[in-house]
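Have a look at the structure below, then the notes.
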Amino acid sequence: MNNLVKKTRGTGTYFEDGTYEFTPQGKGEPLYESVCKVGSCSLGRTSGKTQQSYVAKLKVDASDADPAEAMHAALDRLAAKVWPVTAREPKPRGRMLMNQDGGSVRLDAKNGIVSLRLDIDLTEGTEFGNKLSNFLIESTKCLYCNKDLLTRAYRAITKRSKQ
């Protein structure tokens, strides 16, 4: 008996003489079209009346050391399949430990890498020596304050390499 039930969308109109008219809604174009899929992540295109846009569905492991970084990497892989990749600066990986005055310190615990980066604008003058020494002092303080985190990352890396 359930095979006879059919649901449809449409517009119903009641007239003054008591009659009722139902006009089924026509089948339209799909609003979402899949463009590509990489692993469990996918990229699709929506086709609305006003604007066309892209939608990314990203799935990453919640227990990942840096889920946000994993999402960025998944989005990069999706985008590389759809749009041509242009030469660009390598993206810093890992957790941000310090970010101040043009310098940053990051810990990529997964790969066991600590990255220090300093951007110096030479148009500001020749005081880049002072800026470099201040950055080295601040980054050393940062690494000392985060020594427990660095030790845990080191132990995880050595444990993985022994297995």
Side-chain angles (χ1 to χ4, degrees), residues 7-9 25 27-125 127-163:
K7 295 182 180 181
T8 183
R9 288 184 179 207
Q25 182 177 348
K27 188 159 184 144
E29 292 183 28
L31 294 177
Y32 180 83
E33 171 192 354
S34 181
V35 175
C36 76
K37 185 171 179 153
V38 175
S40 61
C41 304
S42 64
L43 183 70
R45 184 180 308 129
T46 61
S47 56
K49 290 181 180 177
T50 57
Q51 183 180 1
Q52 189 177 43
S53 60
Y54 288 97
V55 177
K57 294 179 183 178
L58 306 173
K59 293 182 184 177
V60 297
D61 188 10
S63 64
D64 197 337
D66 192 355
E69 182 60 35
M71 284 187 181
H72 283 284
L75 184 60
D76 283 346
R77 286 192 304 272
L78 282 171
K81 284 190 92 175
V82 178
W83 299 287
V85 178
T86 57
R88 57 183 165 183
E89 189 174 320
K91 289 197 173 200
R93 304 262 186 227
R95 179 177 176 182
M96 179 77 71
L97 300 178
M98 182 185 89
N99 186 14
Q100 65 182 27
D101 198 28
S104 65
V105 177
R106 287 183 172 266
L107 169 64
D108 183 359
K110 192 176 192 178
N111 297 316
I113 297 173
V114 175
S115 302
L116 285 77
R117 177 182 172 154
L118 176 64
D119 294 330
I120 298 175
D121 186 3
L122 295 177
T123 61
E124 293 178 358
E127 298 297 318
F128 54 85
N130 291 339
K131 192 170 183 177
L132 177 61
S133 63
N134 288 341
F135 172 70
L136 290 174
I137 290 168
E138 292 301 318
S139 61
T140 304
K141 287 180 190 176
C142 171
L143 293 173
Y144 181 76
C145 291
N146 289 292
K147 65 183 176 184
D148 293 338
L149 187 64
L150 295 168
T151 304
R152 281 195 307 258
Y154 171 75
R155 288 181 181 151
I157 292 290
T158 55
K159 185 179 179 181
R160 249 187 280 143
S161 65
K162 289 179 182 177
Q163 293 175 351

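Position 1 is the first residue of the sequence, and the numbers go up from there. A quick note: this is a predicted structure, and the numbers were derived from the prediction, not measured.
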Pairwise distance [atom1]([X]) to [atom2]([Y]) - rounded to 0.5 angstrom:
X	Y	atom1	atom2	answer
Met96	Glu69	CE	CD	10.0 Å
Ser104	Met98	OG	CE	7.0 Å
Leu116	Thr140	CG	OG1	8.0 Å
Ser139	Arg117	OG	CZ	14.5 Å
Lys147	Cys142	NZ	SG	13.5 Å

Measure the shortest side-chain to side-chain distance between [X] and [Y] over non-hydrogen atoms and say whether it is less than 4.5 angstrom.
X	Y	result
Leu97	Leu149	yes
Asn146	Leu107	no
Lys131	Asp101	yes

Considering all heavy atoms, the nearest [X]-[Y] contact:
X	Y	result
Ala62	Pro67	O-CG, 4.2 Å
Leu75	Leu58	N-CD2, 4.0 Å
Gly112	Ile157	N-CD1, 3.6 Å

*asked:* Tell me every residue that passes ring pair (Phe, Tyr, Trp, His ring centres under 6.0 Å) with Tyr54, counting only those two or more places apart in sequence or in another chain.
replied: Trp83
*So Leu136 and Leu118, side chain to side chain contact (heavy atoms under 4.5 Å, CB included) or not? Walk me through it.*
CA-CA 9 Å; Leu136 290 174; Leu118 176 64; over 6 Å; no
*Look only at the side chain of Ser115 and the backbone of Arg106, and say whether a donor-acceptor pair between them is shorter than 3.5 Å.*
no
*asked:* For residues 52-62, which residue pairs pass the salt bridge (charged side-chain N to carboxylate O under 4.0 Å, His left out) check, not counting sequence neighbours?
replied: none
*Just jot down the side-chain hydrogen bond (donor to acceptor under 3.5 Å, both in side chains) partners of Asp66, sequence neighbours excluded, or say none.*
none
